Amino acid sequence: MASTERTLVLVKPDGVRRGLTGEVLRRVETKGYAVVALEMRVATRDLLEQHYAEHIGKPFYEPLVEFMSSGPVVAAVVEGQRVIEGFRSLAGSTEPTLAPPGTIRGDLGRDWGTSVQQNLVHGSDSVESAAREIGIWFPGL
Ligand code: IDP
Ligand code: MG
C-alpha cells in the first residue's frame, strides 16, 4: 500500500471572497482526505515569493503575487494516500474555462478577464513541492 502523503492546499483570495472555503473543504473531506492543519491569513509578499519561486520572471508573476496578497487565504495541510495527485484531480486544470465540470475550478471558477487566472485553489504538484510548501506555510508542523 502506498504510504500516506501530505499536500498543501490553499483556498485563494477569490475563493475566500466568494464564500467557497467550506465548499472546497467539503470536497476534500467527502473525498476521504483528512485536514490536519488549517489557518486563515493574509500572505505577505515575502511568503509568496518563496511559495511561487518557480514562477519568478513569468509575465503573470507580479499579478499573481498581487492577487494572492489581495485578501485572506485559507491554508490547509491535507493528508491521505496519493493525496498530492488526488487533490490536483479534484482541483482541475489551471484555466477554469477548460477545467472539466466536476472539478473545483470547473464547477466554481471562470475567466474574469484578469491578467492572472483566478482559479480558487492551489495544490502542491509533487512530493518535493509539498514538503517545501508545507515548510513555508506551516513551519512548526
Ligand atoms: P497550478 O496552480 O495549476 O499548479 P501553476 O502553473 O503553478 O498552476 O501557476 C500558478 C498560478 O499562476 C495558477 O494557479 C494561476 O493562478 C496563475 N497562472 C498560471 N499560468 C498562468 C497564465 O498563463 N496566465 C495567467 N495566470 C496564470
Ligand atoms: Mg503550481
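These figures come from a predicted structure and were not determined experimentally.
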>> Looking at R18 and L120, would you say the former's side chain and the latter's main chain have a donor-acceptor pair under 3.5 Å?
In response: no
> So which heavy atom on Q117 is nearest to which on T94, and how close?
Replying inline: CB-O, 4.4 Å
> What are the two closest heavy atoms between A130 and I84, and how far apart are they?
Replying inline: CB-CD1, 4.0 Å
> Near K31 NZ, under 6.0 Å, is it more than 12 heavy atoms from other residues, nucleotides or ligands?
Replying inline: no
>> I want to check something: taking the side chain as every heavy atom from C-beta on, are V121 and L90 in contact at a cut-off of under 4.5 Å?
In response: no
> Would the number of heavy atoms belonging to other residues, nucleotides or ligands and lying under 6.0 Å from CZ of R41 be above 12?
Replying inline: yes
> Roughly how far, to the nearest 0.5 Å, is the OG atom of S93 from the CZ atom of R88?
Replying inline: 10.0 Å
> When hydrophobic residues are tied together by side-chain contacts of less than 4.5 Å, even through go-betweens, does V24 share a cluster with M40?
Replying inline: yes
> With no hydrogens and no angle check, is any side-chain donor or acceptor of N119 less than 3.5 Å from a backbone partner on E95?
Replying inline: no
> Would you say R132's side chain and H51's backbone share a donor-acceptor pair under 3.5 angstrom?
Replying inline: yes
> Going through the checks in order, is the side-chain hydrogen bond (donor to acceptor under 3.5 Å, both in side chains) test met by Q81 and T4?
Replying inline: CA-CA 4 Å; Q81 281 76 18; T4 300; 3.2 Å; yes
>> With a sphere of 6.0 Å drawn around CD of E66, does it hold more than 12 non-hydrogen atoms of other residues, nucleotides or ligands?
In response: no
> Are Y33 and V35 linked, directly or through other ILVMFWY residues, by side chains that come within less than 4.5 angstrom of each other?
Replying inline: yes
> Do F138 and M68 share a hydrophobic cluster, counting only Ile, Leu, Val, Met, Phe, Trp and Tyr and linking them when any side-chain heavy atoms are less than 4.5 Å apart?
Replying inline: yes
>> Quick check: closest heavy atoms across F87 and H122, and the distance to 0.1 Å?
In response: CE2-O, 3.6 Å
>> On a heavy-atom basis, which atom in R27 and which in G102 lie closest, and how many Å separate them?
In response: NH1-O, 3.5 Å
>> Strictly distance-based, threshold 3.5 Å: is any side-chain N or O of R45 a donor or acceptor partner for the main-chain N or O of V65?
In response: no
>> Measuring only between side-chain heavy atoms, which start at C-beta, is V11 closer than 4.5 Å to L20?
In response: no
>> Starting from L108, can I reach V73 by hopping between I/L/V/M/F/W/Y residues whose side chains sit under 4.5 Å apart?
In response: no
> Same hydrophobic cluster for L64 and I56, using side-chain heavy-atom links shorter than 4.5 Å among ILVMFWY?
Replying inline: yes
> Between E23 and R26, is there a side-chain N and carboxylate O pair less than 4.0 Å apart?
Replying inline: yes
> Which is it for D14 and F67 under the side-chain contact (heavy atoms from CB on, under 4.5 Å) test, yes or no, and what are the steps along the way?
Replying inline: CA-CA 9 Å; D14 59 329; F67 161 58; 3.4 Å; yes
> Rounded to the nearest 0.5 Å, what separation is found between the CD atom of Q118 and the CG atom of D111?
Replying inline: 9.5 Å
>> Using side-chain contact (heavy atoms from CB on, under 4.5 Å), reason through I136 and L8 one step at a time and then give a plain yes or no.
In response: CA-CA 10 Å; I136 292 169; L8 181 81; over 6 Å; no
>> So which atom in P96 and which in G109 form the shortest heavy-atom distance, rounded to 0.1 Å?
In response: CB-C, 3.6 Å
> So, for S70 and P13, which heavy atoms are closest and what is the spacing to 0.1 Å?
Replying inline: OG-CB, 3.6 Å
>> Please check: side-chain N/O of R6 versus main-chain N/O of V36, any donor-acceptor pairing under 3.5 Å?
In response: no
